[in-house]
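In what follows, every chain begins at residue 1, and chains take the letters A, B, ... in the order their sequences are listed.
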Amino acid sequence: MKSLDPRVNRLDLENTADAEVVQPNQCWEAFEVFVQQKQGGQHIHEGSLHAADYDMALVFAKEQFGRRGRIFNIWVVKSSHVYALAQNSEDMFANNREKKYRNSNGFKVSDKITQFKQEQKKLSE
Amino acid sequence: MYGSGYIPGLDYTKLNNSIAQEDPQKLAEFEAKIENGDKIEPHDWMPQQYRKQLIRLIEQHAHSEIMGALPEGTWITRAPTLKRKLALIAKVQDEIGHAQLLYAAAETLGKPREAMINDLLSGKSKYSNVFNYPAETWADITVIGFLIDAAAIVNQLLNSKGSYGPYSRALKRICAEESFHLKQGYEGFVYLATGSPKQRKMLQDAVNRWWPPIMHFFGPPNKTSVHSEKLMKWKVKMASNDEMRNRFLDQYVPKVWELGITLPDPNLRKNEETGRWEYTEPDWEEFFRVIKGDGPCNKERIAVRQWAVEKGRWVRQALFNPSAKYSLPVA
């Protein structure tokens, strides 16, 4: 087998044994990657990768999610350590959509003040 | 709740390709969600057929990314300038990165990455047929970078609007990088096309050789079947093969022609009345023959992957942590 690629011709493919069948348990672990794009910004989930340990995960994360432009920091977390709600946890989020009392727009005073001023004006007339 | 393995009891090898046994109410809710434009996430209920077809689709896409790096890598050692060499290395690295993103997306459906690589090496899973053709000259690299990447973008932009969340998100990231690939390929193509007579001749020769595989790229015309209609309805397949081919021709044939480069099909023209492109059907028998393994480079491509896995074995073993448990990426 003569290749057009000089690198391939150096591999001695003819005398290389077929690859072993890799078993699912012969694996590295999955890690989730969080990247800080801006100084002082939040670390944002960018994706996942496989690595043998945390240090390797950081190196791979830099190659995979930080090879363009400046990034500031990376976190890696084992995927198996993420504990989360099921996506469709309707019960958890169904109740109490009415949360105006938690927001600034839930509080209005201008009508009261206008009314008060008008009454004061009437009294003084 | 999920930690690792949040698809308990799922055996990806035993997925049923029929929806007859599915719970009709769950199926209706699932279809309503897709109809509504919502994404399906890894731990949501989905029909087995949806899971099976998506695994197949995303896995093939991932394999195509790593196999595509092989013809392009052919010319890294002999790129004509330092700029072209740096760009080509960056592009090839991106393709490997895309494979990583796609394998992760396919894994969320329950098939381990190791199993996908095994299936690639054994020939059980396929990859894009174009990468079984050789890159004979530097001009081939510009044709691949321009026209094959352009075709891939047409396909991937459509698929990024598909219903499966992890695949859709991976494709958005991939498309951003592919636009760099297209630009660098197009620049190399234009430089040859506007260069010396010898450069133009080399480019024309490469275009002539790559045109049939490019026409094969989107696959044979779809026969409308219940199966393909369902995949369209589930937003697994976003457009017919002919529709995608037409979009590609519409966007890119004029860019080739304006440079005075010809395409080796006397029947290729746009029908202004219908807005559709007309062309000679490529040789579909060749297409199926190459898929089955009888292309110019199939053996070499697989042998190189075999070499990489075999020669990397001691590294994997040295780093293998016996207490590591297989875990799926979460999103």
Where on B:Arg173 is there a heavy atom nearer than 4.5 Å to chain A: the side chain, the backbone, both, or neither?
-> side chain

Residue part contacting chain B, namely of A:Glu14, when any heavy atom lies under 4.5 Å | neither

B:Leu319 portion near chain A, given a 4.5 angstrom heavy-atom threshold = both

Using a cut-off of 6.0 Å, state whether more than 12 heavy atoms not belonging to B:Lys172 lie near its atom NZ.
-> yes

Worked check of side chain to side chain contact (heavy atoms under 4.5 Å, CB included) between A:Lys2 and B:Glu300 = CA-CA 9 Å; A:Lys2 179 89 175 120; B:Glu300 178 187 327; over 6 Å; no

With no hydrogens and no angle check, is any side-chain donor or acceptor of B:Gln306 less than 3.5 Å from a backbone partner on A:Ala19?
-> yes

Who among B:Ile76, B:Asp94, B:Ile302 has the most heavy-atom pairs with chain A under 4.5 Å?
-> B:Asp94

So which part of A:Glu20 gets closer than 4.5 Å to some heavy atom of chain B, the side chain, the backbone, both or neither?
-> both

Residue set satisfying ring-ring contact (aromatic ring centres under 6.0 Å, His included) with A:Phe34, at least two apart, ordered chain then number -> A:His45

Sub-3.5 Å donor-acceptor pair from the side chain of B:Asn118 to the main-chain atoms of A:Val21, do we have one?
-> no

Specify which of B:Gln317, B:Glu136, B:Glu310, B:Lys311 makes the most heavy-atom pairs with chain A at under 4.5 Å.
-> B:Glu310

Under 4.5 Å from a heavy atom of chain A, the part of B:Arg78 involved | side chain

Check: B:Arg113 and A:Cys27 side chains under 4.5 Å, non-hydrogen atoms | no

Value for CZ (A:Arg67) from CD (B:Gln93), rounded to nearest 0.5 Å, stands at 5.0 Å

Selection from B:Gly73, B:Ala303, B:Ala308 maximising heavy-atom pairs under 4.5 Å formed with chain A = B:Gly73

Side chain, backbone, both or neither of B:Ala135 within contact of chain A (heavy atoms, under 4.5 Å) = backbone

Anything in residues 3-13 of chain A with a heavy-atom distance to chain B below 4.5 Å? Please list those residues in order.
-> A:Ser3, A:Leu4, A:Asp5, A:Pro6, A:Arg7, A:Val8, A:Leu11, A:Leu13

Which members of residues 104-125 of chain A, sorted by number, sit under 4.5 angstrom from chain B on a heavy-atom basis?
-> none

Specify the closest pair of heavy atoms between B:Glu114 and A:Trp28, including all atoms of both residues, with the distance to one decimal.
-> OE2-N, 4.4 Å

Contacts with chain A made by residues 97-106 of chain B (heavy-atom distance under 4.5 Å), listed by residue number = B:Gly97, B:Gln100, B:Leu101, B:Ala104

For A:Ser48 and B:Pro329, the nearest pair of non-hydrogen atoms, with its separation, is OG-CB, 3.1 Å

